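Everything on this sheet refers to the single structure shown next.
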Amino acid sequence: MRLSLYPINTVKETPSEAEVISHQLMLRAGLIRRVAAGIYTWLPMGLRTLRKVEQIIREEMDRAGAMEVLMPAVQPAELWQESGRWEQYGPELLRLKDRHDRSFVIGPTHEEVITATARAELKSYRQLPANFYQIQVKFRDEVRPRFGVMRGREFIMKDAYSFHLDQASLAEGYAAMRAAYVRMFTRMGLQFRAVQADTGSIGGNASEEFQVLANSGEDAIAASDGDEYAANVELAAALPPTHARAAASQPLAEAHTPNAKSIEQLCGALKVSPAQCLKTLLVAGQDGGVVALLVRGDHELNAVKAGKLPGVASPFRMANAAEVQAAAGCEPGFIGPRGLKCPVYADHSALALANFVCGANRLDTHLTGVNWGRDLPEPTAADLRNVVDGDPSPSGQGRLKIVRGIEVGHIFQLGRKYSEAMNATVLDESGKASTMLMGCYGIGVTRIVAAAIEQNHDDRGIIWPAPLAPFQVVLVPMNAHKSELVRDTAERLYAEFIAAGIEVLYDDRDARPGVKLADAELLGIPHRIVIGERGLANGQLEYRARRAADNEDMPLAKAVAFIRARLNT
RNA sequence: CGGGGCAUGGCGCAGUCUGGUAGCGCAUCUGCUUUGGGAGCAGAGGGUCGCAGGUUCAAAUCCUGCUGCCCCGACCA
């Protein structure tokens, strides 16, 4: 492409609306423009990258045996009423009416449409398994769109849905999609992890998220440094300590601790470390009473884990002030397990403490030198806390590190949730109707573009992974207006690269060298060739990889071969 | 949805407290000089100061209401 034909508007100043680096660079490089909150136009340079992402996804989906379809963005309310989600889905579902006053939604996802399609098209078990996918616009009326296309309201998603006769086939289809995802994200040059996820509201047997690792990510992940294990922090199991509890060596004593309501204040007052303290949290119980949950002072309660304990109220909530007063006879900050009448669960690490500090259930008072068994009964052991950096991995290999990630993909074994509600059956071998099992597999296509930039940039701009770059090579003639040699050489090279099938951006603008070089770097084109009189006198061009700090000479006569060799690495 | 902030030319901002000619940088256009890292000089165009009311001789500025956007917390590709 001749840059003179596409007047890009790169911007030096960072737009004030952009918070994260990818959003800033996408605006500065002119890849996207905001049209409304969470709604963007993709300009030519940005669209080229978006198409590259789509193409890689398409190739890998096709290779995995999925079939591409295109479903409507606007969907009739009837389908959503049939699945029950017309009522269940909140205000995130954009609903609208047509001129005949009929209700529609703008699809936030396509389970309803695909299930309706599948029940119409799939009649026999012989047609199974089947996997349909599309790359299409979704609309979710997010409460708070932010970070540009990272969390837009309108976005492009690849969604795939597989249909199976039995669980074994579903598991196989799921594994095939998982492998396809690993291939895709690897091809895109992204650093990512497959992360065990909560199946939560969607249900089903298995679910994994694909997270691109980045500090600006919104999700916290516990990843092992010893193997491939990774899980959402909420999900990662905190293993019991391997060392045995130390023997009791201190006497039980009372300590006057005025106003020491937090662990921090307590440690300051008594000169102990948080890891020597026991935190007692009262939560609402099923029977209207409370349940006591004990974690070590330096640990955090995990609400997801706690909510699953027998006797704990659902949904999970902390006890209010009145309930605390009734159960412990004091205010929060001085609660302790000694003498509590309610059910008590202790985290494995809390149970390994000896000679610890805890509340005395009396204002401004704590107990020191407390020991299980001797001073109070042994509570029920449970996994109650969030894992922390350095915990052993539940996989048995290595230690956990807490890292942040951007969710770019999510795969589920759905089961029969939609097929049952919408009566999607096939005839099995014996001629009986059998409800199909489903899997669903999503990828945030537009989000990937932003995630790739989060992972690949420097202070000069974007550094595209080669497979996602809008162009492979940028030609930068210096002072072409003055030098016929430079101009002719640049034109010839441009033609040669096109003929060689290499995607080339030709900066034929009448701009100063500094402007062109700065734009080439901001745009993140992997390979740059500078054409100047200086080098041409010796038959040389100047080559620079986007990540490199210095120029390399490259013979004019072998320009295409030189670049081609670098494209293949 | 709760809390905070912002709204002034295409972009980034000042001016608002203390009412009185709408300003700066970038970008754009013209001319000249320049040209190996976002040029210099001279000139030009472009804003009903988010919208609607109100107070006042006079409102970007004070008051009321609305709208839009951004940021912080519970959801998701």
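Predicted model only: the values in this text are computed from it and were never measured. Below, read A as the first sequence line, B as the second, and so on, with proteins coming before strands; counting in each chain starts at 1.
Within the structure, every side-chain polar atom (N or O) of Thr10(A) is placed at least 4.0 Å from both OP1 and OP2 of rG38(B).
Across all strands shown, rC6(B) forms a Watson-Crick or G-U wobble pair, both distances under 3.5 Å, with rG68(B). Here rU48(B) sits opposite no nucleotide as a Watson-Crick or G-U wobble pair (both hydrogen-bonding atom distances under 3.5 Å). Searching all strands for a Watson-Crick or G-U wobble partner of rU35(B) with both distances below 3.5 Å returns nothing. Across the strands present, rA42(B) finds its partner in rU30(B); the criterion is a Watson-Crick or G-U wobble pair with both atom distances under 3.5 angstrom. rG73(B) and rC1(B) make up a base pair, with Watson-Crick or G-U wobble contacts both under 3.5 Å. Across all strands shown, rC57(B) pairs with rG20(B); the Watson-Crick or G-U wobble distances both stay below 3.5 Å.
One P atom belongs to rC51(B), the other to rG10(B), and the distance between them is 13 Å to the nearest Å. Here, rG53(B) and rA58(B) have their P atoms 16 Å apart, quoted to the whole Å. Nucleotides rG45(B) and rU28(B) have their C1' atoms positioned 9 Å apart, rounded to a whole Å. Here the separation of rC62(B) from rU8(B), taken at their P atoms, is 16 Å to the nearest Å. Taking the P atoms as reference points, rA7(B) lies 22 Å from rC26(B), given to the whole Å. Taking the C1' atoms as reference points, rU64(B) lies 31 Å from rG12(B), given to the whole Å. Taking the C1' atoms as reference points, rC72(B) lies 43 Å from rC29(B), given to the whole Å. For the C1' atoms, the distance linking rG31(B) with rG25(B) amounts to 23 Å, nearest Å.
Closest to the Arg146(A) side chain, of the nucleotides rG37(B), rG36(B), rC75(B), is rC75(B). Residue Pro15(A) has its side chain nearest to rG12(B) when only rC76(B), rG12(B), rA27(B) are considered. Which of rA77(B), rG37(B), rC69(B) sits closest to the side chain of Arg34(A) comes down to rC69(B). Of the listed nucleotides (rC26(B), rG37(B), rC75(B)), rC26(B) has the atom at the smallest distance from the side chain of Lys12(A). Listed nucleotides: rU35(B), rA77(B), rG38(B). Nearest to the side chain of Val515(A): rG38(B). For Arg447(A), the listed nucleotide lying nearest its side chain is rC76(B); candidates were rC76(B), rG36(B), rG37(B). For Ala37(A), the listed nucleotide lying nearest its side chain is rC70(B); candidates were rC70(B), rC26(B), rA77(B). Here the nucleotide nearest the side chain of Ser16(A), chosen from rC71(B), rG36(B), rC13(B), is rC13(B). For Glu92(A), taking side-chain heavy atoms from C-beta onward, the closest of the listed nucleotides rC69(B), rC75(B), rG36(B) is rC75(B).
Arg509(A) comes within 4.0 angstrom of nothing in the nucleic acid, heavy atoms only. Within the 4.0 angstrom heavy-atom criterion, no nucleotide atom of any strand lies near Asn9(A). Residue Asp219(A) is in base contact, counting any heavy-atom pair closer than 4.0 Å across all strands shown. Residue-level contact check: Arg153(A) touches neither bases nor backbone, having no heavy atom under 4.0 Å from any strand. No engagement by Val445(A) is indicated, since no non-hydrogen atom pair under 4.0 Å with the nucleic acid exists. As judged by a 4.0 angstrom heavy-atom cut-off over every strand, Gly514(A) is placed among residues touching the sugar-phosphate backbone only. In this structure, Gly532(A) reaches the bases: a heavy-atom distance under 4.0 Å links it to at least one base atom across the strands shown.
In this structure, Arg460(A) atom CZ and rG38(B) atom C1' are separated by 11 Å, rounded to whole Å. Here rA77(B) presents its C1' atom at 12 Å from CD of Glu111(A), a figure rounded to the nearest Å. With rounding to whole Å, Gln24(A) atom CD is found 17 Å from rC11(B) atom P.
Side-chain contact of Gln134(A) with Asp159(A): a donor-acceptor pair under 3.5 Å is present, judged by distance alone. A donor-acceptor contact under 3.5 angstrom links the side chains of Arg544(A) and Asn551(A), judged on distance only. Under the 3.5 Å distance criterion, with hydrogens and angles disregarded, no donor-acceptor pair is assigned to the side chains of Tyr89(A) and Arg95(A). Side-chain polar atoms of Glu112(A) and Ser83(A) form a donor-acceptor pair below 3.5 angstrom. Inspection of the Glu264(A) and Ser262(A) side chains reveals no N or O donor paired with an N or O acceptor under 3.5 Å.
Between Lys158(A) and Glu60(A), none of the side-chain N atoms (NZ, or NE/NH1/NH2) sits under 4.0 Å from a carboxylate O, so this pair counts as no salt bridge.
Checking Gly38(A) against Lys482(A), the closest nucleotide of RNA chain B that is more toward the 5' end is the one next to Lys482(A). Comparing Glu209(A) and Ala18(A), the nucleotide of RNA chain B nearest to each residue sits closer to the 5' end for Ala18(A).
If you check distances only, the side chain of Asn479(A) never reaches the base of rG36(B) with a donor-acceptor pair under 3.5 Å.
A 6.0 Å sphere centred on CD of Glu87(A) holds more than 12 heavy atoms belonging to other residues, nucleotides or ligands. Around atom CG of Asp389(A), more than 12 heavy atoms belonging to other residues, nucleotides or ligands sit under 6.0 Å away.
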